[in-house]
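To keep things clear, I will list the structure first and then write my remarks on it.
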Amino acid sequence: MQTRLTFVFSAALFFACQSEPATPALVADAEGFRPLFNGTDLSGWVNVNCAPGTWTWRDGMVVCSGKPTGVMRTERMYQDFELEIDWRHMHAGGNAGIFVMSDAITAKGEPFTRSTEVQVLDGTETANYTSH
């Protein structure tokens, strides 16, 4: 297990895109893996287009109010990554996504970035996919 995270959110979260120095607390381990969160706050992350309280750190988890809908991103760019996430919707029927390989900012008037999205739905089943 290279990255252990717990997310509680109801909006979109994405990783990647901007080249800035890594936060000193996020040093790579012996296998070269680097945690995305320092375990105490949102240092190393940038709120792209949300209100200041949309994304918070509480009890070791990233919590998103979903108001307004939008994204946050890491300060630095990553490639050749493995991402492991635990998540939970706080309300039935939640709809969220994890955006990877993304632009650093959204287009004017758009809540999300151009990216690949890993859809995180709650309770939506079709012949083509499962939400679990």
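Keep in mind that the numbers below use all heavy atoms, side chains included, and drop hydrogens, waters and symmetry copies. These numbers were taken from a predicted model, which means no experiment stands behind them.
Rounded to the nearest 0.5 Å, atoms OG1 (T56) and CG (L42) are 7.0 Å apart. Note that CD of E117 is 15.5 Å distant from CZ of R114, once rounded to the nearest 0.5 Å. With rounding to the nearest 0.5 angstrom, the CD1 atom of I105 is 12.5 Å from the CD atom of E110. How far OG1 of T74 is from CH2 of W45: 5.5 Å, rounded to the nearest 0.5 Å. We find the CZ-CD distance between F99 and Q119 to be 7.5 Å, quoted to the nearest 0.5 Å. Remark: H89 NE2 to N95 CG distance equals 7.0 Å, nearest 0.5 Å.
A donor-acceptor pair under 3.5 Å is formed between the side chain of R73 and the backbone N or O of A104. Under the 3.5 Å distance criterion, the side-chain polar atoms of D103 are left unmatched by any main-chain donor or acceptor of S115. With hydrogens and angles ignored, the 3.5 Å screen pairs no side-chain donor or acceptor of W55 with any backbone N or O of V46.
At least one side-chain heavy atom of V62 sits under 4.5 Å from a side-chain heavy atom of W57. With a 4.5 Å cut-off on side-chain heavy atoms, L83 and I98 count as touching.
Across all non-hydrogen atoms, the minimal contact from C50 to P68 is SG-O, 3.8 Å. Between S65 and G53 the shortest heavy-atom distance is OG-O, 4.4 Å. Contact record, D122 with H91: OD2-O, 3.8 Å, taken as the closest heavy-atom pair.
Scanning for side chain to side chain donor-acceptor pair (under 3.5 Å) contacts around D41 gives N38, S43, with sequence neighbours left out.
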